[in-house]
Asker: 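One structure, as structure tokens, below. Some questions next.
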Protein chains: 2
Amino acid sequence: MKLETLIVSDNQDIQNEIISKIKELINFKNLEPGDKLPSERMLSDKFGVTRSNVREAIQKLEFYGLLKSIPQSGTFVANIGVVAMNGMIDDILRLETPDFKSLVETRILLELKTVKMASLRRNEEDLRRIKEALDAYEAKALLGEPAVQEDLLFHLAIAKASRNSTMNTFMLTITPQIIIDFEKYHVCDKNQAVIGIKEHTEIYEAIKAQDPDLAKQKMKDHFSILYQYCYNVK
Amino acid sequence: MKLETLIVSDNQDIQNEIISKIKELINFKNLEPGDKLPSERMLSDKFGVTRSNVREAIQKLEFYGLLKSIPQSGTFVANIGVVAMNGMIDDILRLETPDFKSLVETRILLELKTVKMASLRRNEEDLRRIKEALDAYEAKALLGEPAVQEDLLFHLAIAKASRNSTMNTFMLTITPQIIIDFEKYHVCDKNQAVIGIKEHTEIYEAIKAQDPDLAKQKMKDHFSILYQYCYNVK
DNA sequence: ATCTCTTAACTGGTTAACCAAACAATTATG
DNA sequence: CATAATTGTTTGGTTAACCAGTTAAGAGAT
């Protein structure tokens, strides 16, 4: 486990170094939007790393919209000014792995919004899926078993019903880390699962009644314990 | 361009198909948390695709915390129930590329929160960086040139000052797509850049004064035009 | 029969060779 | 001299061979 973390960390460091060097190169050569970068092979030679490393770094910058690779042609600087380019690369380089507090803060923000949207936009199909998730959670919780996953599936069903694909994606993105942190910090270990049934049911009823403000309030109540806990952890 | 979109789409389809088959396999074989999946080579044989394709699919599921690859050992089902597994895979398969409206909705939600946090948590260094971005934007806007990138850099500087790494990452994630959509739908084409100077300055002053509610209000005002526009587009 | 040690195969990860498309320079042709 | 055809080179992408570590089966000793 330790070893793996170290390796990942090394890879990250190498990639960040390459990204940093690409940035320097762009600045040094005064490359402007549309200009071509040196080929992957030249870059890997120049930086003394493998082409795979260079490719990964380029793909990361491509993900953030800073570069654009065109097959059999080359890698080009995106249509973005040199100032923005430098600023964004700096931000990307300094991206931290999200801490628990920031995850919970973000999750609460998203959930309070998605539950309102879900109340307004949900159709019968959405409602059915949310109910299904609720029932699955209730069944597990009543058995006294840990139901963290069923819990989060209920919330994901709401996110889906919000009909906002971006927030839905974000919820999916943070869910695995939330699960890991919950287990790490032993959140939801106690009998809170049983309390959760009532809270979940109330949220579901509010969505069913298409009452966005009530739904938001019930969601807020649901998170009040977690909220306090999260601020105590840090 | 068309060709490329097609290829990407094909790749996406193949990947989704593989993910779907992996899901079926897990269900059919009743694999439980900790169980080992068949090797990448066997899967690629079985599915009639390349190992690269299988690897990408596995990596995607790994990103969402559903699988865990261990070098020289195998790929394992994460510690997540079969119900949650199925639910999350379905969600992942149905992930849509975010539409403009959902992007703007999400951006506004994030910005109203980060500007409050930035007001409370910013230090002098943060403030300096925000001011820098503001000045760069002002300089560009006064020249009558399009300053979309400088605009977004200002907002990214605020997100950074919020000291919430998750929201900061999310802002970075949506920024390139926002830029593309802004150009596509010709947002900010007119002289709105000049109006933006005043609004940006007011936001900056509120952050400087550490007044979270005022900052939020000014940000809201700043987005009112975009908000309307976004709902007209759809 | 049981336990230990060796060995061979199997694993995900990595590297290097290969591919087809795009581009540039050169040559042939009007 | 200008233009079109062609050929050789360069590109990002793909594929297949390779690697080091793990695993488990099997031989041998007790």
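Letters A, B, ... mirror the listed sequences (proteins, then strands); counts begin at 1. Hydrogens, waters and symmetry mates play no part in the numbers below; they use all other heavy atoms, side chains included. Everything numeric here is computed off the predicted structure, so don't read it as measured data.
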Asker: Mind calculating the distance between CD (E40(B)) and C1' (dC18(D)) to the nearest angstrom?
Answerer: 15 Å
Asker: Among dG13(D), dT15(D), dG12(C), find the nucleotide with the atom closest to the side chain of S52(B).
Answerer: dT15(D)
Asker: Starting from the 5' end of DNA chain D, give me the residue, M42(A) or N53(B), whose nearest nucleotide shows up first.
Answerer: M42(A)
Asker: Does R41(A) make a side-chain donor-acceptor contact with the base of dG12(D), cut-off 3.5 Å?
Answerer: yes
Asker: Is a side-chain donor-acceptor pair under 3.5 Å present for S69(A) with T75(A)?
Answerer: yes
Asker: Nearest whole Å is fine: how far is dC23(C) C1' from F76(A) CZ?
Answerer: 10 Å
Asker: Taking only the side-chain heavy atoms of K36(B) (C-beta and beyond), determine which of dT11(C), dG12(C), dG13(D) contains the nearest atom.
Answerer: dT11(C)
Asker: In a check of side chain to side chain contact (heavy atoms under 4.5 Å, CB included) between M85(A) and each of L31(A), D90(A), L66(A), which one passes?
Answerer: L66(A)
Asker: Could you state the atom-to-atom distance from CD1 of I14(B) to C1' of dG13(D) in whole Å?
Answerer: 14 Å
Asker: Within less than 4.0 Å of OP1 or OP2 of dA22(C), is there a side-chain N or O belonging to S73(A)?
Answerer: no
Asker: Looking at E132(B) and R129(B), does any basic side-chain N land under 4.0 Å from a carboxylate oxygen?
Answerer: no
Asker: With a 3.5 Å cut-off and no angle check, do the side chains of N86(B) and N27(B) form a donor-acceptor pair?
Answerer: yes
Asker: Quick one: on DNA chain C, does P38(B) or T50(A) contact a more 5' nucleotide (nearest heavy atom)?
Answerer: P38(B)
Asker: dG13(D) C1' sits how many Å from L43(A) CG, rounded?
Answerer: 16 Å
Asker: Atom CD of E62(B) and atom C1' of dG12(C): how far apart are they, to the nearest Å?
Answerer: 10 Å
Asker: Which of these nucleotides, dT15(C), dG12(C), dG13(D), is closest to any side-chain atom of P71(A)?
Answerer: dG13(D)
Asker: Between T75(A) and dT11(D), is there a side-chain N or O to OP1/OP2 distance below 4.0 Å?
Answerer: no
Asker: Just the rounded figure in Å: distance from P of dG13(D) to CD of E56(A).
Answerer: 13 Å
Asker: Heavy-atom distance under 4.5 Å between the side chains of H155(B) and D151(B), does that happen here?
Answerer: yes
Asker: Between I70(B) (CD1) and dT11(C) (P), how many Å, whole number?
Answerer: 15 Å
Asker: Atom CD of Q72(B) and atom P of dC19(D): how far apart are they, to the nearest Å?
Answerer: 14 Å
